Each structure stands twice: as structure tokens, then as C-alpha cells.
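Some notes on the structure that comes next.
Worth saying up front: this structure is predicted, and the values here are computed from it rather than measured. Throughout, protein chains are lettered first and strands after them, A, B, ... in sequence-line order, and every chain is numbered starting at 1.
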2 protein chains.
Amino acid sequence: MSRYQASGYWYGEGRSVPEAVDLLNLMRKYREAERKMRAATRGSMGMNETDMSALRFLLAAHRKGLVPRQRDFAEELGISNASVSVLIDRLCRDGYAERIVHPADRRSVGIVPTDYSDTDVRGTLHRMHERMMDAVCTLSEAERVAVAKFLKAMIRSVEIEDEPSQPSRGKSQMAESTASSR
Amino acid sequence: MSRYQASGYWYGEGRSVPEAVDLLNLMRKYREAERKMRAATRGSMGMNETDMSALRFLLAAHRKGLVPRQRDFAEELGISNASVSVLIDRLCRDGYAERIVHPADRRSVGIVPTDYSDTDVRGTLHRMHERMMDAVCTLSEAERVAVAKFLKAMIRSVEIEDEPSQPSRGKSQMAESTASSR
DNA sequence: AGAATATCTTTAGACAAGCTAACTATTAGA
DNA sequence: TCTAATAGTTAGCTTGTCTAAAGATATTCT
């Protein structure tokens with residue numbers, strides 16, 4: 001393979017301008033690199049794939065001031081409520097999350113991340129995110145427009161035969177941490 | 001959320017030129033869409049995540065005229081040889097692959113895809129790939145350069161603390177299908 | 001208020017897929 | 001030839017998922 005050379009990339013036959021297929025290859029390469037990185041992070045935290053996803057989801061929700069319920073995890077992760085219950089057990093056991101009484105519905109259990117989990121995850125993922133930001137910030141306006149066009153086309157390509165139409169998910173509601181008891 | 005509108009995308013405050021953070025959001029959105037698509041394909045084929053990856057790897061290798069051994073799957077997928085053995089059992093049982101005597105080393109088993117698996121997988125994934133190609137082909141040269149620059153930056157961002165250096169994998173060798181059908 | 005109903009979570013039992021370790025068969029080397 | 005290394009298989013265990021049923025708390029209706 002090695003189309004990579006210390007001084008930069010080259011595409012077949014010494015071209016330095018990428019063709020369509022080269023972009024798709026780069027896309028694949030990115031995906032692979034990201035997968036590895038996530039696997040490494042996961043490994044270093046001794047976590048499994050879905051637990052990691054769950055934790056990311058939890059932190060994201062928390063930053064928006066939301067308190068997700070177990071049900072929300074089930075929907076987000078595509079696993080059963082029963083499995084979520086056990087998953088949250090693991091997260092709590094390892095000190096990443098805590099169960100609290102849900103502010104808006106006392107039948108539910110609200111899940112909040114611990115401070116520890118926040119710093120721990122940020123330690124690995126946040127640095128990467130910042131590098132990405134830095135990198136993207138060096139792009140000119142025209143370049144950003146081109147990239148957006150590309151990404152939108154990619155999204156359309158994979159979504160097309162996904163579902164005919166599914167505006168979907170009208171019932172997350174997680175209750176906005178304040179006692180917005182409806 | 002809904003920054004999406006029938007006529008196109010808009011980024012916060014009615015901007016129509018994406019900023020850095022918007023690109024990262026698009027990237028995330030793409031990843032999510034692709035994940036869903038793969039999950040759907042997998043579901044419709046009644047397959048497991050790793051089995052699916054294995055099949056993709058097998059088809060890719062086969063197209064290059066290579067005959068991978070089980071060992072190669074283990075390395076590619078990051079699972080143990082024992083697990084690969086069972087994985088290949090499943091692939092054979094379901095008619096996606098066949099074991100053949102490896103042309104160069106009778107300790108090894110060569111794995112080849114069946115015609116069935118090729119058409120089956122192409123039916124779902126190949127159409128998507130073509131849509132991607134079509135989409136990317138509409139980009140101008142300048143746009144392609146911008147996209148490549150972006151993707152390379154992204155790859156660098158996720159690879160940086162991955163491994164200090166790993167040119168790696170010098171021993172795949174898979175034996176070039178000595179009857180070398182290509 | 002109190003019973004019926006609905007919603008959310010937990011527990012129990014079964015299954016799938018991964019791992020390590022031990023075993024067989026083949027190849028390479030001293 | 002005898003020994004070491006390599007490829008794959010099998011056995012036993014662990015983990016994470018699922019479904020079904022039970023437990024706990026709210027909400028609704030009379």
C-alpha cells in the first residue's frame with residue numbers, strides 16, 4: 001500500500017492531485033485510524049465498546065444539562081432495557097456514573113457522570129478533538145465549503161437506502177435536570 | 001438540532017458558510033449514518049459485526065487475487081486464531097466462504113469467497129459505493145484537493161497518540177493464489 | 001381515597017462470541 | 001532424524017446480549 005511518504009501523500013502514478021477514488025480511500029483510512037484509536041482508548045480504560053459509547057452519550061447529555069434515563073440509553077445504543085440496567089451497574093461499579101432520582105419522573109432513575117469519568121475521558125478523547133479543531137481551523141473558507149459539500153454528499157450516499165423516511169425519535173425528553181415537572 | 005432544512009444546510013445563526021466546528025459535526029453525522037447503514041446491512045444478512053468485517057476483508061483480498069489464511073483474518077480483525085477458526089466455520093456454514101488447501105503450505109487453510117457472497121454483499125454495499133463515487137466525481141479539482149487536505153489532517157489527528165511508529169504488518173503474504181488468476 | 005393501569009427498572013435463565021490453553025498436523029532447522 | 005516453530009482445531013470459561021417475568025412507583029378513573 002504505502003502511498004504515504006514522509007513529505008506528503010502521492011496518489012497512483014505520482015499524481016499529487018487526488019482523484020475521486022483517492023478520496024474514498026482516504027475516507028476509509030480515516031475510519032480505520034479512528035477505529036484503532038477508539039479501541040486503544042477503550043483498552044486503556046478497560047472498557048468494552050458499548051460501555052464506552054454509553055459513557056460518551058452520558059457525558060454529552062450532561063454537558064447539555066440533561067439527565068438521561070436508562071430508557072434513553074437503550075434507545076441510543078440499540079440494546080434492551082435489561083442490558084442497559086446491567087451496563088449502568090458496570091459504569092457505577094467502576095466509578096464512572098451514579099444513579100440519582102430522576103428530577104421529573106420519580107419512577108425513573110437518572111444517570112449522571114462522576115467528575116472522575118469526565119476528566120478521565122477528556123484526558124484521551126478531548127485532546128484528539130482539539131487537534132482536530134486546530135487542524136480544521138487552518139482551512140480557508142473555500143476549503144471549508146468544499147469539505148462540507150463532500151461530507152454532505154457522503155452522508156446522502158449512505159442514508160439513501162437506509163430508511164425511506166423516519167423523522168423519528170419524538171420522545172427522548174430526558175427532563176432538563178431542573179424540576180420541569182410538566 | 002435540526003440544522004437541516006429541505007433546501008440545504010445552515011449553520012448556526014443563518015450562516016451558510018461552515019466553520020470548523022460545523023465540519024466536525026458533519027463528520028460525526030457521517031460516521032453515525034454509516035454506522036446505521038452497516039448495522040442495517042448486517043441485520044438484513046443476519047450477520048455479526050466481525051463476521052461482516054471478515055467477509056469484506058475476504059472479498060477485498062479476493063479481488064486482488066490473494067488467498068488469505070485464517071491467520072490473516074486474525075491479524076486484520078484483531079481477534080485470536082481460535083476465534084477465527086470458529087468465525088470461518090460460520091462463514092462456511094452460511095455459504096459465504098469455502099476452505100481450500102492452501103497452495104503453498106499444507107498446514108494452512110486458504111479461504112475463498114463463494115459467488116453467492118459476492119453478489120449478496122455487492123447488492124447492498126456496492127450500490128452505496130457507487131453512489132459515493134458518483135458524488136465525489138462531481139467535485140472540482142480544487143475541491144478534491146481541499147477534501148484530501150482535510151481528511152489527511154483528520155487522520156493525523158487521530159493517529160498522533162495512537163502509536164509512536166508502526167510501519168507494521170510486514171508479513172501478510174497470503175500467497176498470491178499461485179494459480180494466480182490475475 | 002383506592003383500585004386499575006401504565007411506565008420504568010431489575011432479576012433470572014439462555015445463548016452467542018470472544019479468550020486461553022492444550023492438542024494435532026505440517027514445515028524448517030540442527 | 002529429532003526438535004522447534006507454525007497453522008488450525010477443540011474444550012472450557014467469561015462476558016455481554018436477549019427475552020420473559022417480577023418488582024416498584026406514578027398516573028388515571030370512579
Spacing between [X] atom [atom1] and [N] atom [atom2], to the nearest angstrom:
X: A/Asp72; N: C/dC8; atom1: CG; atom2: P; answer: 9 Å
X: B/Glu49; N: C/dG18; atom1: CD; atom2: C1'; answer: 14 Å
X: B/Leu91; N: D/dT9; atom1: CG; atom2: C1'; answer: 17 Å
X: A/Arg90; N: D/dT17; atom1: CZ; atom2: C1'; answer: 9 Å
X: B/Ile111; N: D/dA7; atom1: CD1; atom2: C1'; answer: 11 Å
X: A/Gln70; N: D/dA24; atom1: CD; atom2: P; answer: 16 Å
X: B/Asp105; N: D/dA5; atom1: CG; atom2: P; answer: 17 Å
X: B/Arg71; N: D/dA5; atom1: CZ; atom2: C1'; answer: 11 Å

Please tell me if [X] has a side-chain N or O lying less than 4.0 Å from either OP1 or OP2 of [N].
X: B/Arg106; N: C/dT26; answer: no
X: B/Asn48; N: C/dA17; answer: yes
X: A/Arg69; N: C/dC8; answer: yes
X: B/Arg107; N: C/dT27; answer: no
X: A/Ser108; N: C/dT7; answer: no

Salt-bridged, [X] to [Y], with N to O below 4.0 Å?
X: B/Lys29; Y: B/Asp22; value: no
X: A/Arg71; Y: A/Glu75; value: no
X: B/Arg69; Y: B/Asp72; value: yes

Legend entry - Parallel, tilted or perpendicular, as decided by the 30° and 60° cut-offs, for the rings of A/Tyr116 and A/Tyr96: parallel
Inset, instruction - With heavy atoms under 4.0 Å as the rule, sort A/Gly110 into base, sugar-phosphate or nothing. - result: nothing
Inset, instruction - Please step through side-chain contact (heavy atoms from CB on, under 4.5 Å) for the pair A/Arg31 and B/Glu34, ending with a clear verdict. - result: CA-CA 10 Å; A/Arg31 185 167 56 225; B/Glu34 203 208 57; 2.3 Å; yes
Inset, instruction - Return the residues of residues 93-100 of chain A meeting this criterion: a heavy atom under 4.0 Å from some atom of DNA chain C. Order them by number, or give none. - result: A/Arg99
For [Y], is there any backbone N or O sitting under 3.5 Å from a side-chain donor or acceptor partner on [X]?
X: A/Thr114; Y: A/Gly95; answer: yes
X: A/Ser53; Y: A/Glu49; answer: yes
X: B/Arg106; Y: B/Val101; answer: no

Legend entry - Residues touching DNA chain D, which here means a heavy atom under 4.0 Å, drawn from residues 79-89 of chain A: A/Ile79, A/Ser80, A/Ala82, A/Ser83
Inset, instruction - Would you give the length of the straight line joining atom CZ of B/Arg99 to atom CD1 of B/Ile111, rounded to the nearest 0.5 angstrom? - result: 5.5 Å
